[in-house]
Each structure stands twice: as structure tokens, then as C-alpha cells.
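These notes concern the structure reproduced below.
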Number of protein chains: 2
Amino acid sequence: MNVTGHTRRPASIRDVATAAGVSYQTVSRVINGHPSVRPATRERVLAAIEELGFRRNATALALASGRTRTVTVLTANTTHYGYASILQGIEESARAASYAVGIGVLESAEDAAVAAEVQRATDAGGGIVVIAYDPAGVRALGAVPEGLPVVGVVETPASPPGGDSPWVWTDDREAAYQATRHLLSLGHETVHYVAIPSSTRRTSARTSGWRQALKEAGAPEPRPVQSSWGPAGGHAAALKLARDPSVTAILCGNDDLALGVLRALHETGRAVPGEVSVAGFDDAPHSAFLTPSLTTVRLDFTGLGRAAFALLHGALEESAPVAPHPVSVPELVVRESSGPPPSGS
Amino acid sequence: MNVTGHTRRPASIRDVATAAGVSYQTVSRVINGHPSVRPATRERVLAAIEELGFRRNATALALASGRTRTVTVLTANTTHYGYASILQGIEESARAASYAVGIGVLESAEDAAVAAEVQRATDAGGGIVVIAYDPAGVRALGAVPEGLPVVGVVETPASPPGGDSPWVWTDDREAAYQATRHLLSLGHETVHYVAIPSSTRRTSARTSGWRQALKEAGAPEPRPVQSSWGPAGGHAAALKLARDPSVTAILCGNDDLALGVLRALHETGRAVPGEVSVAGFDDAPHSAFLTPSLTTVRLDFTGLGRAAFALLHGALEESAPVAPHPVSVPELVVRESSGPPPSGS
DNA sequence: CGCATGAATGTGACCGGTCACACAAGGCGC
DNA sequence: GCGCCTTGTGTGACCGGTCACATTCATGCG
């Protein structure tokens, strides 16, 4: 029940116009800050707006102007820490720019389902951000019709990142390189790699950063172990690796994987970092509190989301500030899970 | 560059009408499945729709019909596992019902900021779901103007949950009760409780479930330790508790807290579960892989999100199926972190 | 056979804004 | 004092749909 008796239809500019004794166009001018409105008139209109509690109808605005001020985020998942952080970053920037944020979950990577989601995002108008770290995301990014404003949050840019390519990414190669070098510098003969699924057919940036560090150090290059995204994958992968006593250092494609690896090493009785060192990727919030706490590379997902929005915003409006990929550099965080290899080795 | 040369304006129903040689109204009838359209006409219209690639403009539809088919989720955070899962559940149901999902993050609990977010959500039209587990969410829920379709995902229903109260919740009381009983049944004299911040001034359901179990068992009731949401809070709280040798069982308000508690116990050299048992809440994906793996109570957040949408959907459309709070019952998951108290105790 | 009835379709107004243009009043140059 | 430009304001059409009502034509029935 409403104080005023019943819920009344919200005031439109014509209601305001009548109340202020002007035409609706004048009201429109006032709300849009048009210069040529006499101060006295402006005052009257503003008073009427205040009194009637007028708010500009977003739907009508979108229909008339053609601009939706909306960004739709397409993602395969909202619960993964990285994805959720990117979303949060996008929302933060979008809110500051008075954009609405929509979200679409790509439940399957099947073409029809992906196409349907892209359609829905397209129907919403405005811009699209696709988190393309996984097959579903990659397909979605590919399925966006040419000419639409879209930004992909990708593992690696698909072509030379010159100019205004519609992608943002973190320097995963550098991150993997740093982590691998860290482990090698502790004295490990080589570093094994448990990989997250690659979104493309090409070698992932993480893999190549790892590989480069090994090559530079003249370390043997073991086959990367392909795994999944979650702890279960890391667990399974590490159960195999643990059987090989020569394995003393494991780099994991993300912190979830590392968690599973830690668990598997514990189950097989291999001490971390005494016998085996483990490093992750992402610096998820729980990684610092694991036992042992996890050495990892911190990636600024929130910043990545902000960058994605900035890029989109620039494409959508001339006036928007075109931030040049200000994604911060990955930062190695050394914790307990990495140490020198067993001396007897 | 587009195949057709340049991006053309999408086809409207009038374009389709012209192509099919009928009036725009007939096209409208066809897309809305109105019965009285001659099959031959319908065919022609459908062919024109297909040929022109017509898609109904969501903005125009919203403006004309007044119905937005949108649900906006207001939340303080997108990265917490529980919140993110609820969001995912809402999105899932919304997608099935062809609703768009918008998201607004309540960055601060400050009144003005919360009010602004609620306004934005209101402007979007459609329904609102507020995740009201924290002060920001609770305020947002309170700030939603009377009469608007809104559903709160709350810790505890504010008033007798009879009829069609616009809230969904999990049975936290039962969950805490189960976990506490489990610990007591292992032989612990009592169970200490590290609480997440309560969203309301009243005693939280989790607290009262814990309390009831203690009372029924005739166990002494220690003061609950107020903490924060994240692992850091649990860590700090447990550092204090660890000093007291009589503490042999700790129930934590969520799994993140439990993670911090485990870490603190490790740091202070208290074995889990040898000396101290720990149980959490939520069953986050990583909890099963911790060392020791975490005994916890599984809550169906995704189902909660689905229930929230179902309730909203029912309020928004007569035809919608009104699912009666089908949130699944919390389920105790016993893992390694809980066991009998030290025998010498 | 005339008229009521219903099916099939079309017309105009409307949702709440914006945009392009018309128009009145006032200041300035000549 | 006339034209012209500028300032302030109003009018009409439009965005792409929906809704209420009008119209046409075939049909059924008394």
C-alpha cells in the first residue's frame, strides 16, 4: 500500500511541462543541460521536476536516441574468482559512466546455445563484453556480428595488438615466465606445468612463458599436463605427477588447480615445499590462507574488467576517454608453497 | 566492414509488412501468435521475417507494453562464492523465461550510494532481486519503494513466512543445528562459534541453530566470536580461540572463515582434527580440497537464486508458475576437519 | 433474403522521450 | 526603421512496437 493511496504512473516530461507552464521540449532542454533556456524558466522546470519526482524514462530514452547505455557481459560462469572479478571491474566502471550492466551466462559451448546468447546480448543494444577464456566464450566472441561494439577479454590477442584491437588481456606470458623463473632460481632442475584448457588451438601464453623460462635456463621441458579448470583437475593431474620422484616443482594454470595439486601431494605423502614446490596463477583470495600458503602470480582481474569497459566506452562514445590498456603488470607473490628442492635429489 | 557493404538499420515490423504486402499490425499479430491470421498470410509474413532477419526490438517492446522483462540483481559483491552462485541461479531461470538480467553492485552501505543504486535498478524497470546478507543489501532492500516487484534473498525472513512474502532464504537455523549436533556427537564438550556479521540487529538464524543444539545437549554456551566475511577474519578470531586449550570444536559462519581458522590453528600448532575440530558453512568448491578437507553444510545457492527468480516471475506475470520456495534442505558434509576431541582432554 | 456474427485485416493513437524545424522577441548594424 | 542574427520557446514527426477500434468480407440463421 502506498502513502498516496495507489501507485501512480511516474511523471513524464509532459507532466512536468504542464506543471511548469512550458512545453515538453523546454523540459527536455533543461534535463539535457541545453544552454539557451532562460534561468528563470530553468528554475521553474527544475522545481516541477523536483516536486513531481520526475525521472527520465530509460526505455523511452533508448528508443528515441538509439543509444542504450548498456553493456552486456557474456561469460561461461559467474562463480569463478577471475570471471567474477572481471565482472565486478566492468560493473564498477559502467556504474561510474551511468551504464547499465547486463549479464548472460553461456551455459554450453554448443553453437546454437552460444548464438542464442549472443542474440540476446545484441537485442539489449549497447555494447558487449565477452569473457573469452574458454571455448564457450571464444565461440561467443566469434559469433558476434561484424560491426557491433564488442570487447573480448582474451587469453592472448589473436593478432598484433597494434591500434585499437577490441581486446583486453593480461600479460600471461610474462606472469608464467616470472613464476617459472622463480622456481628455477630456487634450484629446481625443471618445472612441470599443469595447464588449464586452452581456449584456442594455439599454444597459450602461459605455456609459452613457462617454456621460454625453461629454455633460457637450459632446463629440460616436460610435457605440459592438460587439465581442467577446477581443483578436481589439478588433483587428478598431480596424482600422476606425484608418482614420478623427479618432479620437484609444479606450476599450475590457476590457483584452483594448485589447490587440487596441493591436496594430491598431501595424499601421496609428498611434502610441500620440502619435496615438491607448487605455484599457482591468479592469487585468489583464499590462496594466502592455504596450508601451505600458495606462491602465485597476482593478476588484476578487476583492472582488466575496467579496461574492457573503457575500451567499449570509447567505441560507443566519441567523448569517452580512451584508456590505453592500463592493465597492471602481473606480480609474483612468493609464499610457503615454493622452496628449494630436496637436497638429496 | 560488412558483407552487405555497410551496417543497415535493422528491419522493423513496417519493413516486414511492406515486404509481405500486409499491414504492420498483421505482422505484430504473427509475432505474437494471434490466432486470427489466415495461414497463407502467416506464411508470407514469416517468410518476410526470415528474409529480412527481423528481430523484435526489445526497447520498443518495453516502451509500448510497459513490461521490461528484466530483473536487476543488487548485490554488495559478485566475487563471493555464495553471492555469485545466487546470481548464476537467477540468470539461469531468467534466461529460461527470456528475461534479461541486470546487475548493480552496492559498493558502500552508505545511504546515498545505496539509494542511487536502487534508483538505477528501478529505472531499468522490471523486477529487482536484492541479496540482503549484509548491511548494504539490507539497506537496499529497505530502500526499494513500496509497490515495486522485489524479492529479497535474506538471512532470515523478517516476519512470519506465511503467504507470499517477497523473500527467499535457506534454512540456516537447521544447518547450524545439524553442524553443531554433529560436532557434539563426536564427543566435544561444547562448540565455539565464529560468526559472520549479522545483517540485522536480531540474532542470526545460524547463531540460534547453534545455540539450540548446545542447549539441547546441555552444553555450555560460549560467547560467539563476531568476525568478518573473509578468511582474514576467521584467522584473527581463531588466533584468540587457539590460546584457550579448552576449545576443541569451532563452527564457522562460512567456509572462508573456516579457511582462516584452519590456517590460524596450523600456525599455532594445533592439529585439526586431532586437537580441534572445525566445521564451515556453504560447501564452497574448494572446501573439499583443503588439507584437512572441510566438514561443512552444503547450501544450495543456485537453487536459492532460481527460487528468487521464480517468486519475482510470479509477481510480474499472472501466468508464471509460482514455485513454492523449493529451496533444498541444507546437507551436512562430513570431511576430515572434524573428529573426536583429544582423549586426554 | 436481410441481418447479426465472427474472422481477417487495416487505421490511428499512444508509450516517453529526441530531433529538426518554425517562430516570436530582442539587440545590433546600417 | 528595416533586415538580420541570436536567443528562447513551441510544434510536429519519429523511434518501433502495442492497443483499441474501424472496416471488410464470408458465413449462419431466422
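All figures in this text were calculated on a predicted structure; none of them were measured in a lab. Below, chains carry the letters A, B, ... as their sequence lines are ordered, and counting in each starts from 1. Reckoned from all heavy atoms, side chains included, excluding hydrogens, waters and symmetry mates.
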What is the distance, to the nearest angstrom, from the [atom1] atom on [X] to the [atom2] atom on [N]?
{"X": "A/Y24", "N": "D/dG8", "atom1": "OH", "atom2": "C1'", "result": "16 Å"}
{"X": "A/D123", "N": "D/dG17", "atom1": "CG", "atom2": "P", "result": "11 Å"}
{"X": "A/R42", "N": "D/dG8", "atom1": "CZ", "atom2": "P", "result": "9 Å"}
{"X": "A/F54", "N": "C/dG16", "atom1": "CZ", "atom2": "P", "result": "10 Å"}
{"X": "B/R67", "N": "D/dT18", "atom1": "CZ", "atom2": "C1'", "result": "9 Å"}
{"X": "A/L52", "N": "C/dG16", "atom1": "CG", "atom2": "C1'", "result": "15 Å"}
{"X": "B/L61", "N": "D/dG16", "atom1": "CG", "atom2": "P", "result": "14 Å"}
{"X": "A/I13", "N": "D/dT9", "atom1": "CD1", "atom2": "C1'", "result": "14 Å"}

### Task
Check for a donor-acceptor pair, side chain of B/R44 on one end and backbone N or O of B/A20 on the other, with a separation under 3.5 Å.
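Present.
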### Query
Quick check: does any side chain N or O of B/T79 sit under 3.5 Å from a backbone N or O of A/A84, one acting as donor and the other as acceptor?
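Side chain of B/T79 to backbone of A/A84, a donor-acceptor pair under 3.5 Å: no, none is there.
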### Task
Working to the nearest 0.5 Å, report the span between CD1 of A/I131 and CD1 of A/I90.
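Between A/I131 CD1 and A/I90 CD1, I get 5.5 Å after rounding to 0.5 Å.
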#### Entry: Test: B/R95 and A/E107 ion pair at under 4.0 Å
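A salt bridge is present here (some side-chain N lies under 4.0 Å from a carboxylate O).
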Would you say [X] places a side-chain N or O within less than 4.0 Å of OP1 or OP2 belonging to [N]?
{"X": "A/R55", "N": "C/dG16", "result": "no"}
{"X": "B/S65", "N": "C/dC15", "result": "no"}
{"X": "B/R14", "N": "D/dC15", "result": "no"}
{"X": "A/T26", "N": "D/dG10", "result": "yes"}

### Query
Can you list the steps and then say if B/E117 with B/T72 is a side-chain contact (heavy atoms from CB on, under 4.5 Å)?
CA-CA 10 Å; B/E117 268 312 288; B/T72 304; over 6 Å; no
### Query
With nearest nucleotides of DNA chain C determined for B/A60 and B/S36 from heavy-atom distances, which residue corresponds to the more 5′ nucleotide?
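Its nearest nucleotide being more 5', the pick is B/S36.
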### Pairwise 5' ranking along DNA chain C for B/L63 and A/N32, keeping only the more 5' one
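In this pair, the answer is B/L63.
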### Task
Could you please spell out the steps behind the ring pair (Phe, Tyr, Trp, His ring centres under 6.0 Å) verdict for B/Y99 and B/H313?
CA-CA 9 Å; B/Y99 270 61; B/H313 196 198; 5.2 Å; yes
#### Entry: Donor-acceptor pair present, A/Q25 side chain and D/dT11 base, under 3.5 Å
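Side chain to base: pair found, below 3.5 Å.
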### Query
Does CD belonging to B/Q119 count more than 12 external heavy atoms closer than 6.0 Å?
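Correct, the count exceeds 12.
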### Task
Starting from the first five and the last five pairs of the helix from C/dC1-D/dG30 to C/dC30-D/dG1, work out the angle between the resulting helix axes, to 10 degrees.
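End axes: 60° apart.
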### Task
Tell me what B/T41 touches on the nucleic acid: a base, only sugar-phosphate, or nothing, going by heavy atoms under 4.0 Å.
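Contact class for B/T41: sugar-phosphate only.
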### Message
Please pick, from D/dT9, C/dT9, D/dG17, the nucleotide with the shortest atom-to-atom distance to any side-chain atom of B/R29.
### Response
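Closest of the options to the side chain of B/R29: C/dT9.
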